[in-house]
Amino acid sequence: MRFYMQPITQTERDLVAGIDQQRMLSRTQEWAAINSGTGNLEGLARMADVLSQAFADLPGDVTLHEPASVSVVDADGREVEKAHGRHLVCSVRPDAPRRFLLTGHMDTVFPADHPFQSLTWLDDDVLNGPGTADMKGGIAVIVEALLALETSEAAAQIGYDVMINADEETGSLSSAALIDQLARGKFAALTYEPSALPDGTLAHARGGSGNYSVTFTGISAHAGRNPQDGRNAIVAAADCAVRLKAMQHDDLPINPAKIDGGAANNVVPDHAVLRFNIRPKTIPAADEFASNLDKLIDTLAREHDVQIALHGGISRPPKPVDEKAQKLFDLVRDTGAALGQTIGWKSTGGVCDGNNIAANHVPVVDTMGVRGGKIHSPDEFMIAPSLTERAQLSAIVLHRLALGGDL
C-alpha cells in the first residue's frame with residue numbers, strides 16, 4: 001500500500017485534532033530553562049526526571065540506561081574515563097510485528113557556566129533560548145505526536161522505542177551501543193534534530209565524522225647542549241598535522257584542530273597530543289583513510305624516532321540515502337504537502353544519531369524536529385508554530401506507516 005500524494009483523510013484530521021500547541025510550548029520553555037550541557041551531570045539528571053514524567057503518559061515502560069564507559073585522552077596523553085548522563089528509553093508494544101524508532105537528545109552544547117541561559121521572545125513566533133531548537137522543542141514534538149498516534153485504532157498494530165540520549169552533542173559515544181541495539185529490526189526511524197533550514201528543509205544524505213587523538217612520546221634533552229640526543233614530539237605532531245591535511249580530498253575533509261604539549265624554550269619537548277577530525281562523505285573514503293592512517297603512523301614513528309599511540313575513530317559512519325530511505329523522505333514530503341507544508345531536502349556535512357541508525361540499514365529521516373536556526377550559538381531560535389506543524393506531520397506519517405504503508 002502506498003500513501004504518497006494522498007490528501008489528509010477525515011480520520012487523520014481527527015487524529016491530529018487534539019495536538020496541543022500550548023502544552024508543547026510550555027514543555028519546551030520548561031526544559032530549555034534547565035541547563036543540560038553534555039558535561040552537566042546534575043542538569044542532565046533533572047532533565048531525565050522531567051522527561052520520564054512526560055513519556056510516562058504513553059502506554060509503555062520508561063527506563064533510564066546507564067551510559068557506557070567512555071575514555072578520552074587528556075592533555076598529558078593519558079586515557080581517562082569521562083562521565084556521562086543516563087539515557088532515557090520508552091518502549092511501547094515491544095512484541096508488535098512492525099516497530100519504529102524515534103530518537104532525540106536531552107543534552108545541549110552550553111555548559112553550566114555559559115552565559116546563554118535564558119529565554120527571550122524575539123517576536124510573537126520566534127523564541128530565542130538554549131536548546132529550544134536543538135532539541136528540546138523536538139522532544140516536545142515526539143511526545144505530542146505519539147500521544148496523537150495513540151488515539152487511533154491503527155496504533156495497536158505497531159510498536160516503537162523512543163530513545164533520548166544524554167551525549168549526542170559530543171558524538172553519542174556512551175549511547176552508541178544502545179542506539180545500535182534499538183535500531184536493529186526497525187521498519188523505519190525518525191530523529192528530531194531541528195530542520196536543516198528555518199523553512200523546514202530536511203537534511204538528506206550526510207557525511208560521517210571521526211575524532212582522533214594521537215599521542216607522541218619523544219626524548220627530552222637540552223636545546224643548546226645536546227639537542228641531538230632529544231626526540232622532538234612537537235615536531236613529530238606538527239609533521240603529522242601537515243601530512244594529514246595533505247591526505248584531504250573532496251570526499252574526505254580533514255581538520256587538524258589542536259596540539260597539546262611542549263616544554264620550556266630550552267628543552268626538547270618529549271610529549272605532544274594532536275587532535276583532529278575527519279568528515280568522510282562515503283564509506284569507501286572512510287575505509288581508505290583508516291588504512292592510510294596506519295601507514296602514516298608507522299612512517300612518522302620511524303622518521304622521528306618517537307613512540308605514537310592512536311586513540312579514537314569514526315563515531316558517525318557516512319549516511320547515504322538508499323531506495324527505502326528515499327521512499328520515507330517522499331512520504332514525509334507528500335504528507336507535508338497534504339498538510340500545506342512545503343518540505344524539501346539537501347545533503348549536509350553535519351552528523352547526528354541518524355548516521356548511526358542508518359548504519360543498521362534502517363530508513364531514517366533525521367530532521368523531523370522544529371523549524372529554527374543559529375543552533376550552537378547564543379542566537380539559537382525556535383519558530384514556535386512549527387511545534388504543531390511537526391507534531392501533525394509526525395503523527396500522520398506514523399499513522400500511514402502503521403496502516404501498512406510500504407517503503
Side chain to side chain contact (heavy atoms under 4.5 Å, CB included) partners of [X], counting only residues at least two apart:
X	value
P363	A188, K324, A325, L328, L407
E81	S69
A112	N35, N40

Item to complete: Decide, yes or no, whether a salt bridge links E144 with R390 under the criterion of side-chain N to carboxylate O below 4.0 Å.
Response: no
Please determine whether a side-chain nitrogen of the Lys or Arg among K327 and D330 lies less than 4.0 Å from a carboxylate oxygen of the Asp or Glu.
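D330 and K327: not salt-bridged.
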Check whether Y160 forms a cation-pi arrangement with R99 (NZ or CZ under 6.0 Å from the six-membered ring centre, at most 45° off the ring normal). no
Original post:
Taking only residues two or more places apart in sequence or in another chain, which ones pass ring-ring contact (aromatic ring centres under 6.0 Å, His included) with F289?
Top reply: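 Per chain and number, F289 pairs via ring-ring contact (aromatic ring centres under 6.0 Å, His included) with Y212.
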Quick one: ring-ring contact (aromatic ring centres under 6.0 Å, His included) partners of F381, sequence neighbours excluded?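 With neighbours one apart ignored, the set is empty.
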Residue pair S315 / N211, side-chain donor-acceptor N/O under 3.5 Å: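 No, because no side-chain N or O of S315 sits under 3.5 Å from a partner of the opposite role on N211.
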Going by atom types alone, do S195 and R371 pair a side-chain donor with an acceptor below 3.5 Å?
no
So the ring pair (Phe, Tyr, Trp, His ring centres under 6.0 Å) pairs with at least one residue in residues 301-329 (sequence neighbours excluded) are H204-F329, F329-W345
- Message: If you count every heavy atom of other residues, nucleotides or ligands that lies below 6.0 Å from N266 atom CG, does the total exceed 12?
- Response: yes
